[in-house]
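This report concerns only the one structure given below.
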Amino acid sequence: MIEVKHLVKTYPARGGILKQKPVQAVKGVSFVLPDAGAVAFIGESGCGKTTIGRILTGLESYDSGEVLYDGVNLTRLPSAERREKLRKVQLIQQDPYAALNPSRTIAKTLMAPLALEAKRQQKSKAWMASRAREVLALVGLNPEVVLPKYPHMLSGGQRQRVVIARALTVEPDVLVADEAVSMIDVSLRLGILSLLLELRNKHGIAILFITHDVAAARYVGQDGRVCVIYQGEVVEEGVTDDLIQSPVHPYSQALLSAVPVLRGLEAPGPDRYIPLGEFQQDEGTACRFAPRCRYAEERCRTEKPRTVPYGNGGHRHRCHFPVARRVVAEPLEVNS
Amino acid sequence: MNASEPYSAAVGAGITIRNLTVTYHTDRGIFPALKDVSLDIRPQTITGFIGESGSGKTTLAMAIMNAIRTPGLIASGSIYTDGVGDVLKLQGESLRRVHGQHFGFVFQASSNSLNPLKRIGAQLLDLGRSHGIKDPRILLKEARALAERMGMDGDRVLTSYQHELSGGMRQRAGIIFALVLRAKVVILDEPTTALDMLSQQAVLEIIRQIHEERGLTSIIITHDMGVMAEIVQRVVVLYAGRVVEEGPTQDLLQRPRHPYTKGLIDAIPRITGDLAEAKPLAGSPPDLATVPTQGCVFRDRCSLRRPVCDLVEPLAQPAHGDGLVTCHGVNAHD
């Protein structure tokens, strides 16, 4: 289980003469990722969701707050023990083309982490070879076909499966999937998503799913939770289907409205709306979303909204005027 | 377009493609990227080309503009478009004029097609000069109006370098280039793949509005059925260089005839309804080098496979009223 409390991360100012301001990428984010659970972070580019994933996998430091892995705060541990804990949290990144070394066969790619693992567990070379086959089979690839190949000989979907197989070599407890399907052919995306779901359901691996694709988050996050993040703050969170069906924060509503409607199979939600303009970052108003919000009132510009519950189902939000609206598409009956 | 009266209203032109075959010549041999494609693109309609990587959707768009470059080669066929004639017969200066004035094109990843060393405005002036626009002020005014139309500050965009714009703004800047010469046919290659959902919806909405205002013929290339369903009026499904199905969007989504189209639709994770209904599409996208030379190219991934599929390549038959489907497993009359 991972518990994150009031996480804050600021990137220092860059450039001497330009005098850029420091960027606060994550502003007091808290959440819990239970064992074998799923939490999805959804938001647009630059909202801080990737930073959260990088902090959890130990690739990035943080300024304040706490990250507890099974109740332990890693910042107080000696580095060897910290590495040991972080090994159990693996990152799957967006680009399977960049994540694999083009000059190594898949066999070689998998042997590198397996060699370390074999040393740790005092296993033989034969164990390594059989484990490589095992993880490839687990991600739905045929080991005999794939092992001797180089990355360029595989499709995007197959490469992402190899990346996931490599992460599985260390028997992780948590996978952080950062836009893990956005560069993959749409026809193959569902295959990767159902693989992640299977790893969760059958092998008890928790998934932190970072995406701008709400439908993908819904698929992997079945029975999990969704956090909607805007400019480094969680503006709304709740049980996946509950939040998708009745979002109360106008930003969540805008994001959910933007999911394409399969006309002919679905009808647009009655409250759907699409904001057209380009948006300015950080206007310094009390509610950060106020400048873009179609429902903003004076209070939103002067008084910062706090996170409060909505109903009794663990649904929370950060809005002065929460109203549940139906913005996502609804299925149509089709006679075929 | 006459340079002295550059801004007459653009009205979309139809495109008639007949028996188009495009081959790629590589070390490993000669591969057909498109094989015997015959297709009508209806005027003043948004048509979508959908397919996986390697399906030939971008090749088809490039061929329509006679812009295939080596190692590709247009082996045979004809492409007629209203007001131009057979595009494949054009070359040199007359072909260059048609690019930009008849065909507007937005590349996939627009950020890569803008010059990083020049301001957007300067690049627009280059475009105008190369197309003989005598009064650059009219061009810039048009560009500014388009930028504002798309929710951006026109002056800011024109005086910016590409790195000063966000991904969504660059994509919109690319669309300005495609539209500023009043092209009649606008081709957009994956116009929203690099964008997050909110920018994607905004860009799609803008494309739809400008399409209607100008009465354009628009072609959108995508691998995303959601984008397709949201904006296009007719869908062309491509697989391994063949058109396997074509028809009006709603009917095609409701009643897909080709097993590949059905597979693509079933593989969409949905925001609503039963998640268990989503089914991954089996197999891998076609690789030009391993596409069977005989029989149906989709048979290895197909649920309706029959003995005839191994031997005979299926012919197009009518479907969706005025559309088509290319499959042995579907009967045109059922």
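In what follows, every chain begins at residue 1, and chains take the letters A, B, ... in the order their sequences are listed.
Residue A/Leu193 touches chain B through its side chain alone, counting heavy-atom pairs closer than 4.5 Å. For a residue to count as touching a neighbouring chain, one of its non-hydrogen atoms must lie under 4.5 Å from one of that chain's; by this rule A/Leu255 touches chain B with backbone and side chain alike. If you measure heavy-atom distances from B/Leu275 to chain A, the contacts under 4.5 Å come from both the backbone and the side chain. No part of B/Leu204 comes within reach of chain A, as not one of its non-hydrogen atoms sits under 4.5 angstrom from that chain. With a threshold of 4.5 angstrom between heavy atoms, B/Asp266 approaches chain A through N, CA, C or O but not through any side-chain atom. For a residue to count as touching a neighbouring chain, one of its non-hydrogen atoms must lie under 4.5 Å from one of that chain's; by this rule B/Glu52 touches chain A with backbone and side chain alike.
Considering all non-hydrogen atoms of both residues, A/Val259 and B/Glu230 come closest at O-OE1, 4.3 Å.
Contacts with chain A (heavy atom to heavy atom, under 4.5 Å) involve no residue of residues 231-243 of chain B.
Residue B/Gln250 holds its CD atom at 8.5 Å from CG of A/Leu265, rounded to the nearest 0.5 Å. For the atom pair CE of B/Met197 and CG of A/Leu256, the computed distance is 10.0 Å after rounding to the nearest 0.5 Å. Taking CZ from A/Arg189 and CD1 from B/Ile268, the interatomic distance works out to 11.0 Å, rounded to the nearest 0.5 Å. Separating the CD1 atom in A/Ile184 from the OG atom in B/Ser53 is a distance of 10.0 Å, to the nearest 0.5 Å.
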Residues A/Val214, B/Ile271; criterion side-chain contact (heavy atoms from CB on, under 4.5 Å); working and verdict: CA-CA 7 Å; A/Val214 188; B/Ile271 192 72; 3.6 Å; yes
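For the pair B/Met225/A/Pro260, no side-chain contact is recorded, criterion being any heavy-atom separation below 4.5 Å from C-beta on.
Top candidate by heavy-atom pairs under 4.5 Å with chain A, chosen from B/Leu281, B/Leu253, B/Leu264, is B/Leu253.
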